[in-house]
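Predicted model, so just to flag it, every value in this text is computed and none were measured. Per chain, numbering begins at 1; letters A, B, ... match sequence-line order. Hydrogens, waters and symmetry mates are skipped; everything else that's a heavy atom, side chains included, is used.
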Amino acid sequence: MRRSVRIGTVADMILLFTDFGYDGPYVGQLKTVFAATAPGVPVIDLMHDAPAHDPVAAAYLLAALAPEIPEGAVCLAVVDPGVGSDRLPVALAADGRWFVGPDNGLFEILQRRSESAQKWIISWRPERLSRSFHGRDLFGPVAARLARGETPPGERCPDDWRTHPARPGAAWPEEHNAIVYIDRFGNAMTGLRSVSISGSQFIIAGGARIPHAAVFSEVPPGRVFWYANSCGLAEIAVNRGSAAALCELNIGDAIAVA
Amino acid sequence: MRRSVRIGTVADMILLFTDFGYDGPYVGQLKTVFAATAPGVPVIDLMHDAPAHDPVAAAYLLAALAPEIPEGAVCLAVVDPGVGSDRLPVALAADGRWFVGPDNGLFEILQRRSESAQKWIISWRPERLSRSFHGRDLFGPVAARLARGETPPGERCPDDWRTHPARPGAAWPEEHNAIVYIDRFGNAMTGLRSVSISGSQFIIAGGARIPHAAVFSEVPPGRVFWYANSCGLAEIAVNRGSAAALCELNIGDAIAVA
Amino acid sequence: MRRSVRIGTVADMILLFTDFGYDGPYVGQLKTVFAATAPGVPVIDLMHDAPAHDPVAAAYLLAALAPEIPEGAVCLAVVDPGVGSDRLPVALAADGRWFVGPDNGLFEILQRRSESAQKWIISWRPERLSRSFHGRDLFGPVAARLARGETPPGERCPDDWRTHPARPGAAWPEEHNAIVYIDRFGNAMTGLRSVSISGSQFIIAGGARIPHAAVFSEVPPGRVFWYANSCGLAEIAVNRGSAAALCELNIGDAIAVA
């Protein structure tokens, strides 16, 4: 039985899921905000190479990672091509965890898969709000407040928000027939949960018809296959090689199941 | 009103500003020193891709980031092409923050823009001082001492140090007409504070005459512009493209304002 | 006099030595495990670009870094091309530090150079064990237990394990005549401790006969040399250049001393 988010209790940890990259001062400035305004709460880089400027791919990736995020955690998630536009900042309470970020569909898949989910539109604004770095100026301070056990500084959405047809991402499918992440070895995660397909099925990607294997060592070096990865997604890989290079795969590329 | 650095009080956080990169054991060994000798003080990577071996560019970048460094913080800053030479290690108390690093001008711009600034020449030396990694062996342990609330292990400079003509960086201008940082998207930060130029002025860089825009979405995709970035610097960017690639910009390249 | 590992006492820090890279969610998921199950223990990235899939090179690199790992630390080390095979998980107590990882020789060089070393075969298995990410599912939880002061969940090896001829890595030499790491500037660490060769000797690598220098500034720009690096290894470098590019060096390449 999932518990609710804990108002009045300090969070166990703050997780960061962004497309900022580790380069530059961006993650460091964000962490400075947390150290100053939510001292004592450990801050963890979940990943900073989320699909850049691509909330759709990021939504499926974050939803795959969400089951490993413990209750009592606050997750700041920023993949936000609309920074500076009129997209709204939101806070989501889902199965005992907080998620803070832009209301652009990034949390849509995760909320569909959660038992409980409440959403707040953040109305608070900082004294100084840069036009290009809401992570530091807006989302970070809000996440720090939630980590301290405060309530979201804004208005809670009516109960029908989870199925409202006008919500961002409402039209997105349950599984995403596309590449959502490519790691440094060239393994390509898809937006398909591995439980949604069977081991006798093939993934069609980059013109290749790709069979299943349970582990890398089952296939000869250089051969492409798909397997159920540790996040629960179907991932395209090559034993001792790069699937992205071999099949010319990029984030966002469409795939099919056959 | 700025307060002084806090002698006798544990620091709120230690910030790291280096050109070490995340690769290799260098940052990890530095953090091991802090965990062992200043336990309980959070350590934050502000950035590890500061302009490599370029204290001039790094000085302007660090000065732009300094206003976001909270009072009560210790900042270890190492961009140190002279490691192993006779350049001196220093500690700087500036507007309630400590800065520790090499006396090669890295703190010159920041001290000019600070209300209060005292400087110490560090005379302490560790039992073992490697010739290539003073970050771990010398600057790190000194920063850890300051983080524990101790006084700098060395001699305080006379009050006229801030304007002494022989100090490193004394001849550097108030604004630096050059590229000081390029991020992974190819956006190029200049050493010009955005308040030093007006939106009707152009930046000349890489042969291009670059107009101002307030935000990325104001310009069509592929067009180069400059804007006031979240650090307060004029930054050259391309909407959905790489300014560094389009204009062939590198760190250290001269620019002009027209 | 080295003390023993501390059973019943919380560790001072957890160090991570892996070939996961910073990209993707892997390190973040590992740290989430620690924040949830060993709260309050600082977690430090020692390095995440250990020689990928190369336990031999990694063993010599880890042994070079080990003297800087303080007593009271737990080091999770994962370079594990055999994940999913029948290689065993182990915990090693060496001179007051814990090491947790795969039993593939990764700890062999370090144990040879330790005064005291006990080894446990980990028999505990998690409820859910992914086939590709034992770092998160198996090694991480075991390291967290040790960090909390618990005993290793498994069987201690008989006292003769340190010299048993069937142990992984038993045949590896004391010094490794090969490149074990290349940093982002192209400096190439060898598996030779610098104390094992004299400054009058040359290293033969990539067809070049490379002389010794004490520091970078002793050689003209563009010239290749070797020096005793801050980890105690002989490292091949070029003043203001890339030794890896100039001499076409890769991790694993054989070298010789002449």
Side-chain angles (χ1 to χ4, degrees), chain A residues 10-19 21-23 27 40-51 58 61-62 64-75 97 180-189 194 213-218 227-233 235 237 239-240, chain C residues 13-14 16 18-45 47-54 78-87 104 126-141 144 147 184 252:
Chain A
V10 172
D12 297 325
M13 66 189 84
I14 295 167
L15 296 175
L16 309 180
F17 175 92
T18 80
D19 61 357
Y22 280 98
D23 288 347
V27 172
V41 182
V43 180
I44 293 172
D45 303 295
L46 182 53
M47 63 192 289
H48 290 299
D49 60 336
L61 185 54
L62 180 59
L65 298 172
E68 300 295 317
I69 298 177
E71 298 177 27
V74 174
C75 179
R97 294 91 36 102
V180 299
Y181 182 73
I182 295 174
D183 75 16
R184 65 182 185 129
F185 298 111
N187 303 311
M189 295 188 194
S194 52
V215 289
F216 280 63
S217 55
E218 271 187 10
Y227 76 110
N229 78 7
S230 63
C231 307
L233 294 174
E235 179 170 313
N239 190 13
R240 299 191 201 169
Chain C
M13 66 190 84
I14 295 166
L16 309 180
T18 81
D19 62 356
F20 298 168
Y22 281 98
D23 288 347
Y26 311 107
V27 172
Q29 290 195 312
L30 187 51
K31 289 180 175 173
T32 302
V33 169
F34 290 125
T37 62
V41 182
V43 180
I44 292 172
D45 304 294
M47 63 192 289
H48 290 300
D49 60 337
H53 314 314
D54 187 344
V78 186
V79 174
D80 188 20
V83 62
S85 75
D86 58 0
R87 66 94 191 89
N104 59 9
E127 282 185 39
R128 181 206 58 179
L129 179 62
S130 71
R131 297 184 74 161
S132 55
F133 197 8
H134 287 195
R136 178 191 69 192
D137 297 338
L138 176 52
F139 299 123
R184 66 183 187 128

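Using a 4.5 Å heavy-atom cutoff, the side chains of R136(C) and E68(A) are in contact. Considering only heavy atoms from C-beta on, Y22(C) stays 4.5 Å or farther from D45(A) through its side chain.
Interatomic distance, S230(A) OG to H134(C) NE2, rounded to the nearest 0.5 Å: 10.5 Å. Between D23(C) atom CG and I182(A) atom CD1 the span is 12.0 Å, to the nearest 0.5 Å.
Residues of residues 32-43 of chain C that come within less than 4.5 angstrom of chain A, heavy atom to heavy atom, are T32(C), A35(C), A36(C) in numerical order.
Residues passing the side chain to side chain contact (heavy atoms under 4.5 Å, CB included) test with R131(C) are A214(A), V215(A), sequence neighbours excluded.
Of all the heavy atoms in L65(A) and P25(C), the pair that sits closest is CD2-CB, 3.7 Å.
Under the 6.0 Å cut-off for aromatic ring centres, F185(A) and H53(C) qualify, their centroids lying closer than that.
Only the side chain of L15(A) comes within less than 4.5 Å of a heavy atom in chain C; its backbone stays farther off. Both the backbone and the side chain of L46(A) come within contact range of chain C, judged by heavy atoms closer than 4.5 Å. Only the side chain of Y227(A) comes within less than 4.5 Å of a heavy atom in chain C; its backbone stays farther off.
Between chain A and the residues S132(C), G21(C), G24(C), the most heavy-atom pairs under 4.5 angstrom are made by G24(C).
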